[in-house]
Colleague: 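Right, I'll just put the structure down here and ask away after.
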Amino acid sequence: MAIRNMVTDDDPILHKKCREVTSFDEHLSILMDDMIETLHSFDRAVGLAAPQIGILRRVVVIDVGEGVIELVNPEIVAQKGKQFGPEGCLSYPNVYGNVERPNYVKVKAYDRKGKLFFLEGTELLARAFCHEIDHLNGIVFLDKAKELKEIERAEA
Ligand code: NI
C-alpha cells in the first residue's frame, strides 16, 4: 500500500471523464488499497475518486466513519429530496462552499472482484456519493457550489 500524490490546483485532469473499469484484477486491488490509505491520511476526509490521484478510471472510496465503501463503475439509480450544506474537496483544500444535493441516493456499483451491488445513503453519505461520482464525470464541487469561502472544512 502507498499514499498517492493528490491532484490539486484545478489540474485539467480533474475535468476529464473517467473510463469504466473492465478488468477486476490485482492492478485494481492495488489501486483501491492505495486510495483507501490515501483517503485515511487526511483528517476529516470522507471520499476520494481515482482522478484525484491522476487515474482516469471509475473508482471511488468513501468513509463517512462507518467503514470503507468501495465503488467501481458506480451509477446513481435513484434519488429523493434535497439537502443544502457545506462541501469541500481534497483537491481544493482551501475552499468550501454550499452545494445542493439529493438527501437520499441509491447507487449501483461493483466491488473490486466485479460483484454487482446496490447501496442506499442519506445525508452525508448521499452527499459523498454525488460528490465522488461527479468526479468521475469531470465535475468538481466548485462547478455547483454557492457562497465559496476560503476556510478549511470537512473534505469530500
Ligand atoms: Ni472531491
Side-chain angles (χ1 to χ4, degrees), residues 3-18 20-21 31-112 117-156:
I3 295 173
R4 305 280 188 106
N5 289 330
M6 192 66 53
V7 174
T8 57
D9 299 325
D10 209 29
D11 190 293
I13 204 164
L14 295 169
H15 300 285
K16 292 188 174 161
K17 193 169 158 80
C18 297
E20 292 223 325
V21 170
L31 170 65
M32 299 193 83
D33 286 343
D34 285 357
M35 286 176 64
I36 292 164
E37 189 171 355
T38 304
L39 175 67
H40 285 156
S41 72
F42 292 91
D43 287 338
R44 295 183 299 168
V46 304
L48 179 69
Q52 294 182 273
I53 57 164
I55 307 290
L56 288 171
R57 286 286 180 179
R58 303 186 78 81
V59 180
V60 161
V61 296
I62 290 171
D63 189 346
V64 294
E66 297 165 359
V68 175
I69 296 169
E70 303 179 354
L71 305 173
V72 180
N73 299 339
E75 287 173 52
I76 293 171
V77 294
Q79 59 183 63
K80 273 188 277 189
K82 279 181 191 173
Q83 58 174 315
F84 187 71
E87 199 166 301
C89 181
L90 293 172
S91 293
Y92 300 88
N94 301 317
V95 294
Y96 78 97
N98 288 320
V99 183
E100 184 178 297
R101 301 287 190 185
N103 199 48
Y104 161 91
V105 170
K106 183 176 183 181
V107 171
K108 171 192 173 190
Y110 297 84
D111 70 13
R112 64 171 69 191
F117 65 95
F118 291 84
L119 204 54
E120 296 172 301
T122 59
E123 300 180 12
L124 179 60
L125 183 55
R127 180 177 292 282
F129 284 153
C130 294
H131 179 111
E132 302 308 332
I133 291 171
D134 271 355
H135 270 302
L136 305 182
N137 294 319
I139 297 165
V140 298
F141 86 107
L142 292 178
D143 299 334
K144 297 181 171 178
K146 299 189 171 68
E147 305 152 30
L148 282 177
K149 291 173 186 157
E150 292 192 5
I151 301 171
E152 279 200 38
R153 289 291 299 256
E155 291 161 350

Colleague: Which atom pairs, donor and acceptor, lie under 3.5 Å between side-chain atoms of residues 68-80 and protein residues at least two apart or in another chain?
Modeller:
residue	atom	partner	partner atom	Å
E70	OE1	R112	NE	3.0
E70	OE2	R112	NH2	2.8
N73	OD1	V21	N	2.8
N73	ND2	V21	O	3.0

Colleague: Look only at the side chain of R57 and the backbone of E20, and say whether a donor-acceptor pair between them is shorter than 3.5 Å.
Modeller: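 Judged by distance alone, yes, a pair lies under 3.5 Å.
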
Colleague: Do D134 and F141 have side chains that get closer than 4.5 Å, going by heavy atoms?
Modeller: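 A side-chain contact under 4.5 Å is absent here.
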
Colleague: Would you indicate whether the side-chain heavy atoms of H15 and D10 approach each other to under 4.5 Å?
Modeller: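 Answer yes - side chains close enough.
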
Colleague: Using 0.5 Å steps for rounding, measure from the CG atom of L136 to the CD atom of E132.
Modeller: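 Those atoms lie 8.0 Å apart.
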
Colleague: Going from CD on E120 to NZ on K106, what distance comes out if it is rounded to the nearest 0.5 angstrom?
Modeller: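 Spacing of CD (E120) from NZ (K106) equals 5.5 Å.
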
Colleague: Can you name the residues that form a salt bridge (charged side-chain N to carboxylate O under 4.0 Å, His left out) with D63, not counting sequence neighbours?
Modeller: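 Expected list: none.
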
Colleague: Show your reasoning for whether side-chain contact (heavy atoms from CB on, under 4.5 Å) applies to N103 and K82.
Modeller: CA-CA 5 Å; N103 199 48; K82 279 181 191 173; 5.9 Å; no

Colleague: Please name all residues satisfying side chain to side chain donor-acceptor pair (under 3.5 Å) with E100, sequence neighbours left out, ordered by chain then number.
Modeller: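 Partners of E100 by the side chain to side chain donor-acceptor pair (under 3.5 Å) criterion come out as none, since no residue qualifies.
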
Colleague: With sequence neighbours left out, what residues match R4 under side chain to side chain donor-acceptor pair (under 3.5 Å)?
Modeller: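 Side chain to side chain donor-acceptor pair (under 3.5 Å) list for R4, sorted by chain: D34.
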
Colleague: Roughly how far, to the nearest 0.5 Å, is CG of L142 from OG of S91?
Modeller: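 Spacing of OG (S91) from CG (L142) equals 10.0 Å.
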
Colleague: Just to verify, what does K16 make a side chain to side chain donor-acceptor pair (under 3.5 Å) with, not counting sequence neighbours?
Modeller: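 K16 satisfies side chain to side chain donor-acceptor pair (under 3.5 Å) with no residue once adjacent residues are dropped.
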
Colleague: Mind checking what makes side chain to side chain donor-acceptor pair (under 3.5 Å) contact with N98, not counting sequence neighbours?
Modeller: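 With neighbours one apart ignored, the set is E147.
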
Colleague: Given 3.5 Å as the limit, does a donor-acceptor pair link the side chain of Q83 with the main chain of P102, or not?
Modeller: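 Yes.
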
Colleague: Hey, does L39 have a side-chain heavy atom less than 4.5 Å from the side chain of M35?
Modeller: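 No - every pair of side-chain heavy atoms lies 4.5 Å or more apart.
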
Colleague: Who pairs with I13 by side-chain contact (heavy atoms from CB on, under 4.5 Å), at least two apart in sequence or on another chain?
Modeller: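 V7, D11, L56.
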
Colleague: Measure the spacing between SG of C89 and CG of L48 and express it to the nearest 0.5 Å.
Modeller: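 Answer for the SG-CG pair, C89 versus L48, is 9.0 Å.
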
Colleague: Pair up each side-chain donor or acceptor in residues 121-130 with any protein partner under 3.5 Å, not counting sequence neighbours, and list the distances.
Modeller:
residue	atom	partner	partner atom	Å
R127	NH1	E87	OE1	2.5
R127	NH1	V99	O	3.1
R127	NH2	V99	O	3.3

Colleague: Using the test side-chain contact (heavy atoms from CB on, under 4.5 Å), find all partners of D143 that sit at least two apart in sequence or belong to another chain.
Modeller: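 Counting only residues at least two positions away or on another chain, D143 forms a side-chain contact (heavy atoms from CB on, under 4.5 Å) with I139, V140.
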
Colleague: Say you draw a straight line from CD1 of I36 to CD1 of I62; how long is it, rounded to the nearest 0.5 Å?
Modeller: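 Here the interatomic distance stands at 11.5 Å.
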
